[in-house]
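The sequence lines fix the lettering, A, B, ..., with proteins before strands; numbering per chain opens at 1.
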Number of protein chains: 2
Amino acid sequence: MTIKEVAAQLGVSPSTISRALAHPEMLRAETRVRVLETVERLGYQPNLIARDLRRQETRLLYVVVPTLSPFFLDVFRGVERGARETGYAVVMGHTERDVAREQLFVDQVASRRGDGVILVTSSDPTALKVRTKRMPPVVAALEEIKGLHAPAVRVDHHKGAMDATNHLLALGHRLVAHIGGPEKQVIAQHRREGFNETMLQAGLDPTAFPYLSGDYAVAWGERAMETLLTCNPLPTGVFAGNDEIAIGAIRAMSRVGLQVGRDISVIGFDDQRIASLYEPALTTIKVPTEELGYRAILLLVDKLRGNTAEVDIVLPTSLIIRATTGMPRG
Amino acid sequence: MTIKEVAAQLGVSPSTISRALAHPEMLRAETRVRVLETVERLGYQPNLIARDLRRQETRLLYVVVPTLSPFFLDVFRGVERGARETGYAVVMGHTERDVAREQLFVDQVASRRGDGVILVTSSDPTALKVRTKRMPPVVAALEEIKGLHAPAVRVDHHKGAMDATNHLLALGHRLVAHIGGPEKQVIAQHRREGFNETMLQAGLDPTAFPYLSGDYAVAWGERAMETLLTCNPLPTGVFAGNDEIAIGAIRAMSRVGLQVGRDISVIGFDDQRIASLYEPALTTIKVPTEELGYRAILLLVDKLRGNTAEVDIVLPTSLIIRATTGMPRG
DNA sequence: TTGAAAGCGATACCAT
DNA sequence: ATGGTATCGCTTTCAA
């Protein structure tokens with residue numbers, strides 16, 4: 001069913017059909033009604049591909065996330081909210097932290113299937129073919145992309161990590177360990193640096209416990225905590241690189257009869273949904289995920305509208321005190 | 001940068017460029033190398049919109065999920081695996097259980113922005129404009145769509161609910177209550193029916209406790225359990241409509257000092273990731289989510305290849321016994 | 001092996 | 001207010 005067939009049915013020209021749909025005010029009321037009725041009756045839907053080609057825009061935006069964790073979904077939620085407000089449709093692709101797949105989605109947009117793309121934490125940003133390939137309009141969320149001059153909306157992981165560490169120190173902890181996320185990931189690095197810096201400022205040795213760097217999974221948290229539990233003295237406070245690691249650490253503790261918040265305090269990062277659901281509820285650093293996505297898409301739409309400013313928004317984190325941190329024993 | 005410009009640069013025709021990219025074997029080796037080098041150097045990427053229009057296919061598939069819960073993401077994961085195997089790209093849209101938004105994505109595909117779409121649990125399937133609007137190739141996942149003759153790959157919720165209830169009965173429970181999900185949702189209905197039927201078969205009254213129907217959130221589980229805790233006698237076993245409800249129920253119990261698995265047994269449904277992470281780990285019914293998505297996309301691709309068989313695949317669930325169910329006290 | 005040209009379906013400019 | 005038509009960028013048939 002094409003626009004021509006509808007036009008033929010009505011004995012009008014394709015232009016009239018097109019106008020009835022896009023600029024109804026241009027038609028005589030009678031014509032408009034007649035056309036729209038027929039369109040409805042025939043169930044005609046314009047071929048968007050043809051329209052996109054002609055208009056040179058799709059009003060479709062892509063969001064690319066590294067994993068399907070609840071964390072990124074929250075970001076996506078914010079993006080969708082902004083998309084609705086600005087009249088864009090948005091679809092999501094996920095890369096499983098595989099640069100090739102990330103490139104695939106970027107290429108989809110570069111090849112005009114979308115008007116722009118939000119990259120939420122490029123896995124290994126430097127691997128993106130920003131030089132050889134044409135880049136579509138991009139906004140980076142959560143982390144800037146090196147070598148790419150794209151607006152970014154980020155979170156101050158460094159500051160968040162300092163807040164987390166300071167919370168532990170303020171409670172009186174002196175034996176504090178850090179369980180880090182993926183070593184190569186910029187975010188994980190910032191968090192570690194925040195920890196190191198705070199410890200140093202307090203005159204404490206950030207390397208008093210083994211260097212622990214893994215991924216962002218519960219299993220890693222468990223293994224890392226097992227390592228810490230072989231230390232003498234034991235740490236009294238643990239700053240986990242994210243909530244999942246924190247949960248893993250707590251699990252490892254309870255297996256040997258240690259109680260979190262009393263024997264050892266644990267603080268996470270992100271404030272994922274599970275953080276408040278877990279028993280006991282996790283003390284953590286809240287990352288404004290939804291807001292992040294929302295800001296990112298507004299930035300993108302702004303860019304598409306011709307605004308070329310090099311923006312770099314940094315959103316604040318906040319400390320959420322729940323039940324897994326307390327004063328050190330004795 | 002269009003194909004013409006590249007062609008002009010090289011002094012060949014656009015056809016040659018097109019062939020170098022799509023059917024390299026048709027070109028003389030020398031020409032091919034020359035073209036591909038230039039393409040690479042200029043960073044030329046074909047306009048997919050134009051290609052799609054000409055080829056009348058996109059090799060892009062849509063997946064539409066109602067919410068961004070981990071449950072549906074698992075389904076999406078399966079879809080992606082199948083897509084990679086069959087050479088399709090996949091994007092995801094989510095509807096927040098809003099039919100209008102579901103329609104929007106279906107329309108995207110009907111309007112040729114994609115070749116087909118997988119609908120994971122249409123919110124209110126009957127509301128989809130299957131009559132007035134042209135429907136693109138559709139496969140239903142998790143739940144069939146009434147009024148739409150689409151292949152479906154589903155899960156036997158009824159049987160799963162019977163297994164859940166029977167597990168409780170086999171442990172010796174006689175005072176068993178059900179906390180249901182959204183009343184209007186087909187899935188929730190099937191689960192309740194499975195519960196009712198099993199109770200009846202065992203000579204027990206499925207309506208001995210208040211009729212509880214809400215949504216699939218933790219908060220609802222808490223409220224529902226608070227209601228149950230006002231009953232006399234208390235239930236000794238609770239079959240929750242999904243894992244989140246189960247967690248809510250357990251939280252309500254612990255607030256009044258009741259221990260799950262000992263004072264009251266609770267079984268969930270879905271086996272979401274949180275089920276094994278929770279403390280204590282949830283006894284539940286596993287839904288093969290990833291498999292569901294995988295089967296769905298294979299079905300869709302099959303359909304796109306011209307196979308018109310009316311398939312209806314039903315996947316089995318399985319009982320996962322963990323720590324929240326035990327024998328009734330005394 | 002390569003080139004010329006038609007055509008995919010819609011839109012928007014230029015006429016009338 | 002409506003119609004005719006060029007055009008978007010690519011693919012593919014037909015011809016050479």
**Prompt:** How close or far is atom C1' of D:dG3 from atom CG of A:L10, stated in whole angstroms?
**Reply:** 14 Å
**Request:** Find the distance B:D52:CG to D:dT11:P and express it as a whole number of Å.
**Result:** 10 Å
**Test applied, salt bridge (Lys or Arg N to Asp or Glu O under 4.0 Å); reference residue, B:E290; option that passes from B:R77, B:R81, B:R295** = B:R81
**Complete:** With B for base contact, S for sugar-phosphate-only contact and - for none (protein heavy atoms under 4.0 Å), nucleotides 9-16 of chain C reads BBBBB---
**Asked** Can you check side-chain contact (heavy atoms from CB on, under 4.5 Å) on A:T31 and A:T16, steps first, answer last?
**Response** CA-CA 9 Å; A:T31 326; A:T16 304; 4.1 Å; yes
**Request:** Rounded off to whole Å, could you give me the CD-to-C1' distance for the B:E5 and D:dC8 pair?
**Result:** 13 Å
**Asked** Can you check the B:M26 CE to D:dC14 C1' distance for me, whole Å?
**Response** 12 Å
**Prompt:** Heavy atoms, side chains only, cut-off 4.5 Å: are A:Y88 and A:D115 in contact?
**Reply:** yes
**Prompt:** Does CD in B:E25 sit with more than 12 non-hydrogen atoms of other residues, nucleotides or ligands closer than 6.0 Å?
**Reply:** yes
**Prompt:** With a cut-off of 6.0 Å (strictly less than), are more than 12 heavy atoms of other residues, nucleotides or ligands near CZ of A:R154?
**Reply:** yes
**Below 4.0 Å: OP1/OP2 of C:dT1 and any side-chain N or O of B:T31** = no
**Message:** Looking at A:R112, I'd like to know if its CZ atom is crowded, meaning that more than 12 non-hydrogen atoms belonging to other residues, nucleotides or ligands lie closer than 6.0 Å.
**Reply:** no
